[in-house]
K.L.:
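I am attaching a structure below and will ask some questions about it afterwards.
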Number of protein chains: 2
Amino acid sequence: MEDALVRARAELVEALGQQSSFWGVGKVTGALFAVLYLSAEPMTLGDIADALGTSKGNVSTSIRALEHLGMVRRRVHPGDRRVYFEAETDFWEISRRVLSRRQKPEFDRSFALVDQSLGRARAAAPSDEQRFVAERLGSLKAFYDELDGIVALVLVIDPRRLGRLLRAAARVRRSTRPSLRRVPQ
Amino acid sequence: MEDALVRARAELVEALGQQSSFWGVGKVTGALFAVLYLSAEPMTLGDIADALGTSKGNVSTSIRALEHLGMVRRRVHPGDRRVYFEAETDFWEISRRVLSRRQKPEFDRSFALVDQSLGRARAAAPSDEQRFVAERLGSLKAFYDELDGIVALVLVIDPRRLGRLLRAAARVRRSTRPSLRRVPQ
DNA sequence: CCAATCGTTCAGTACGTTTCGAACGTACTG
DNA sequence: CAGTACGTTCGAAACGTACTGAACGATTGG
């Protein structure tokens, strides 16, 4: 029965719709991507609106967000004034872009604030209180520094290399500290 | 002037309050943690409410969320019926817990849905359409698989080892493909 | 040049989430 | 046994965000 395909589609649409907040986008936006991703042919804005059961206006707005994240491409056929949309299929590339365009700036802002706060605390008049606050802020900054380095690296490194690297690291760790191996349920 | 310390505190409170949504908690919750983190002594619920300029009820709710994430500990002194709260200071430990208790389950649910969807698509009656959908879902699942492996690893691995590892990987990459080195602004 | 079709915009609205604050239960004090 | 000092709970309000639907400009074909 062809019905199975329909259900498969519907389920992915729901799945991506649900975890849309993870990417930092609206529910419709996630579902929209799912629809495009599972469509063999590029779709027009009206097609998508129908498939999602929502308004064209909504789709227009959502799709712009996806374009901005590099998750959707726009394609125009000569002699056809409709605009066709199709999904980007390289998820590692998508992740990189989402990370760098959405998460990273936010992270950087926060980082700068912590830095500034630390500077202020260090400049304050010496006291037990001052030393305590400065030390805590120092620890926090150190953490942010490391995290920042990791994120920056993930943005540059090849995902397959990353996978291999981590697997290798895991092997070393397992053989070093076997007590931490996961207990089979 | 002692004022600098006060401002340093206020700035961190604001910083963590702002990026609170990153951890998946409310604004007050992030600010609350900042207050506790910069307090030399453990604080009672009333203290915190005063410091934040919010209600005790609000703090009570928020602090429970932080406890559940392992970001705050509760401590009772014998002969004092007040409850004191103090911040967890090991951020790597915190990250691990937040990741495993909040992000991971959500991720797993989504993962299962994709898996199920793929199963359904593969079971559907063969056709061009069916092959296309099955292939796309297969790619998505492969991506999720890799991602899942990475997350699982990060949850187990020692952060310092991770940092060293990534730095090493970056060095290799830089020397291999110097053209990708970042252009100094 | 008109009608139809397409994507975009925006003000209004519906919805979910966060926050407040009063009421409550409990445990200690005198 | 009051009275007080806690932390908790919960309904109501405030708030922000996502969505709707009509109006609009642009483009194309008749």
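Predicted model, so just to flag it, every value in this text is computed and none were measured. Scope of the values below: all heavy atoms of this structure, side chains included, with no hydrogens, waters or symmetry mates. Quick note on labels: first sequence line is chain A, next is B, and so on, each numbered from 1.
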K.L.:
Quick one, which residues of residues 57-85 of chain A touch DNA chain C with a heavy atom under 4.0 Å?
P.N.:
A:G57, A:S60, A:R64, A:R74, A:R81, A:R82, A:V83
K.L.:
Is any side-chain heavy atom of A:V98 closer than 4.5 Å to one of A:I94?
P.N.:
yes
K.L.:
Using modelled atom types only, decide if a donor and an acceptor are shared between the side chain of A:S117 and the backbone of B:A8 within a distance under 3.5 Å.
P.N.:
yes
K.L.:
Going by side-chain hydrogen bond (donor to acceptor under 3.5 Å, both in side chains), name the residues that satisfy it together with A:S100, two or more places apart in sequence or in a different chain.
P.N.:
none
K.L.:
Hey, would you say the B:F91 and B:Y37 ring centroids sit under 6.0 Å apart?
P.N.:
yes
K.L.:
Distance check needed: C:dA22 C1' versus B:K56 NZ, whole Å only.
P.N.:
11 Å
K.L.:
Taking 5' to 3' order, which nucleotide of DNA chain D is first and which is last to have an atom within less than 4.0 Å of a heavy atom in chain A?
P.N.:
D:dC19 to D:dT28
K.L.:
Could you tell me if the side chain of A:L12 sits less than 4.5 Å from the side chain of B:L113, heavy atoms only?
P.N.:
no
K.L.:
Do B:Q19 and A:E106 pair up side chain to side chain, a donor and an acceptor below 3.5 Å, judged on atom types alone?
P.N.:
no
K.L.:
Compare all side-chain heavy atoms of B:D145 with those of B:F111 and state whether any distance is below 4.5 angstrom.
P.N.:
yes
K.L.:
Evaluate the side chain to side chain donor-acceptor pair (under 3.5 Å) criterion for residues A:T44 and A:D47: first the C-alpha distance (whole Å), next the side-chain angles of each, then the deciding distance (0.1 Å), finally the verdict.
P.N.:
CA-CA 5 Å; A:T44 70; A:D47 293 340; 3.2 Å; yes
K.L.:
Ignoring hydrogens and angles, tell me if any N or O in the side chain of A:R7 forms a donor-acceptor pair with the backbone of B:R120 under 3.5 Å.
P.N.:
no
K.L.:
Using a 3.5 Å limit for the pairing distances, which stems of at least 3 consecutive Watson-Crick or G-U wobble pairs does DNA chain C take part in?
P.N.:
C:1-30 with D:1-30
K.L.:
Residues in side-chain contact (heavy atoms from CB on, under 4.5 Å) with B:E86, at least two apart?
P.N.:
B:P42, B:R73, B:R75
K.L.:
Are side-chain heavy atoms of B:T61 and B:T29 found at a separation under 4.5 Å?
P.N.:
no
K.L.:
Do B:Y144 and B:F107 touch side chain to side chain, with heavy atoms closer than 4.5 Å?
P.N.:
yes
K.L.:
Heavy atom of residues 25-42 of chain B under 4.0 Å from DNA chain C: which residues?
P.N.:
B:K27, B:V28
